[in-house]
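These notes are about the structure you will find just below.
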Amino acid sequence: MSKYWSAITENIRPYVPGEQPKDRKYIKLNTNENPYPPSPEVIKAIKQAANETLRLYPDPAGDDLRATLARYYEVKKEQVFVGNGSDEILAFSFPAFFTPGKPVLYPDITYSFYPVYCNLFHIDYELVPLDEEFTVPADAFYKKNGGIVLANPNAPTGKCMPLHSIRSILERNPDSVVIIDEAYIDFGGESAVAMIKEYPNLLVIQTLSKSRSLAGLRVGFALGHEDLIEGLRRIKDSMNSYTLDRLALAGAQEAIKDESYFRQTTKKIIALREKTSEELRRLGFKVIPSCANFIFISHQRCPAGELFQQLRGKGVLVRYFNLPRIDNYLRVTIGSDEEMSSFLKAVKESIAET
Ligand SMILES: *Cc1c(COP(=O)(O)O)cnc(C)c1O
């Protein structure tokens, strides 16, 4: 608290990111980063862009990157928006499409940034309870609302929603914007991107942070009807016209173009996710079937909070959310082969100690 804070600053409840510790070297399985480096083409392009042109502002619209994304997803450039990470695009979306007094719907267990934006922009929300297996009940979204936000695959559960459920939610809500946050879609699940041509109220948001190994570059994008994209641009240009710098624009383009590299790395992560899930089940864990680059697990005997601390003591960082309904679960990012071997070794030791 400070007497210099505005009422806004005093009343917000900021998001708490997973820790990036500096005290010792951890095996970091807590923020869903990709264990593989970005494509060598990305590094090359960034190095090439690091020249005297940094004197100049970047293209405020990010047109070259938008054109690359438009070609890749077979949409028009006017249907693409680029932002400084998908978190920024989500942040723009709340004031762009949602209105105070008209509650937005999203699941009770989902990405914890959504309530932060609602709080910041004074947008009311109603939580839709997931069932015991963390399934999203599509029919709970067939009611009056001021907008809908769904992460697919969901976070932190990793569960994906069938496309026909998303289609029925879109059919029943022609008057609200439906945002599908597809941060993890490249690791499984069916993308809703093709449906943007059919539904003018659908906005699909993706990121280069996870499947393209570029969490440090801060690039996300959204695909939707031209009018939605124009809405996002109006908000962006009321805050900061140059959200993506020259280096990010240059690197992001190559990340999209190097399709084969990205296919290889995602394939490895998916295979290791399945293998790790199997091993954990053998060790007495419940593992929610995942379509993402992480798994959500709960041990039948060892409480998640204690396991989290034990693993931390052994140099393995995972994510623990001390929140209703999920306080006996751990979210574990799928790392490299070596990292997952060390993780499993630490898990076995921890269970034996409990
Ligand atoms: C990681 C994540 C994002 C944000 O990613 P950026 O790094 O900001 O692009 C958005 N939504 C979900 C569900 C995520 O897990």
Side-chain angles (χ1 to χ4, degrees), residues 14-20 28-35 38 42 62 65 69 80-94 104 106-118 120 130 134 136 148-161 166 178-189 191-193 203-223 232 236 239-240 243-245 248-249 251-252 255-256 262 266 269 273 288 290-296 318-319 321 323 326 329 331-335:
Y15 177 75
V16 184
E19 58 180 325
Q20 301 285 0
K28 257 190 102 277
L29 306 176
N30 68 331
T31 50
N32 296 343
E33 288 147 327
N34 198 307
V42 171
L65 175 57
L69 285 161
V80 184
F81 183 85
V82 292
N84 192 260
S86 57
D87 283 338
E88 181 184 69
I89 305 178
L90 283 164
F92 290 160
S93 299
F94 278 64
V104 169
Y106 54 79
D108 61 342
I109 299 163
T110 191
Y111 190 36
S112 43
F113 232 132
Y114 307 151
V116 173
Y117 297 132
C118 282
L120 175 63
L130 301 186
F134 303 127
V136 178
I148 291 171
V149 188
L150 290 165
N152 187 40
N154 198 9
T157 64
K159 254 195 119 152
C160 45
M161 233 181 138
I166 293 175
V178 177
I179 294 177
I180 308 294
D181 178 353
E182 293 189 345
Y184 301 103
I185 198 70
D186 297 321
F187 300 102
S191 174
V193 165
L203 187 76
V204 177
I205 302 181
Q206 293 194 11
T207 177
L208 271 57
S209 296
K210 277 82 185 225
S211 60
R212 259 83 173 195
S213 306
L214 285 171
L217 199 65
R218 311 305 304 130
V219 183
F221 58 93
L223 306 169
L232 287 171
K236 175 185 80 108
M239 312 257 284
N240 172 9
T243 57
L244 283 181
D245 60 66
L249 288 169
I256 300 300
F262 139 84
T266 29
I269 292 169
R273 175 188 75 205
I288 304 296
S290 170
C291 300
N293 67 338
F294 59 85
I295 47 177
F296 204 48
V318 298
R319 193 91 198 258
F321 298 94
L323 293 171
I326 56 169
Y329 282 85
R331 190 195 70 188
V332 183
T333 306
I334 302 301

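In listed order, ligands and their atoms are each counted from 1. Sequence positions, counted from 1, serve as the residue numbers for this chain.
- Between Tyr114 and Leu90 there is a side-chain heavy-atom pair separated by less than 4.5 Å.
- When the side-chain hydrogen bond (donor to acceptor under 3.5 Å, both in side chains) test is applied to Ser191, the partners found at least two apart in sequence or on another chain are Glu182.
- Nearest residue to atom 10 (C) of ligand 1 from Ser86, Pro153, Ala215, Ala155 is Ser86 (criterion: closest heavy atom).
- Of all protein heavy atoms, the one lying nearest to atom 8 (O) of ligand 1 is Arg218 NH2, 2.8 Å.
- The aromatic rings of Tyr15 and Phe113 lie parallel to each other, their planes meeting at an angle below 30°, with 60° marking the opposite boundary.
- A search for salt bridge (Lys or Arg N to Asp or Glu O under 4.0 Å) contacts involving Glu88 returns nothing, not counting sequence neighbours.
- The proximity of Glu88 to ligand 1, defined as any non-hydrogen pair under 4.0 Å, does not occur for either the backbone or the side chain.
- Atom NZ of Lys210 sits about 8.5 Å away from atom OG1 of Thr31, to the nearest 0.5 Å.
- The shell of residues lying under 4.0 angstrom from ligand 1, judged by heavy atoms, includes Ala183.
- Short contacts between ligand 1 and Gly85, defined as distances under 4.0 Å to a heavy atom of the residue, involve ligand atoms 8 (O), 9 (O).
- Rounded to the nearest 0.5 angstrom, Ile326 CD1 and Arg319 CZ are separated by 9.5 Å.
- The CD1 atom of Ile205 sits 13.5 Å away from the CD1 atom of Ile185 when rounded to the nearest 0.5 Å.
- Residue contacts with ligand 1, taken as heavy atom pairs separated by less than 4.0 Å, involve Asp181 solely via side-chain atoms from C-beta onward.
- The closest protein non-hydrogen atom to atom 14 (C) of ligand 1 is Lys210 NZ, 3.0 Å.
- Only the side chain of Ser209 comes within 4.0 Å of ligand 1, counting heavy atoms alone; its backbone N, CA, C and O stay farther away.
- Under 4.0 Å from ligand 1, not a single heavy atom of Phe113 appears.
- Given atom 15 (O) of ligand 1, the protein heavy atom at minimum distance is Tyr184 OH, 2.5 Å.
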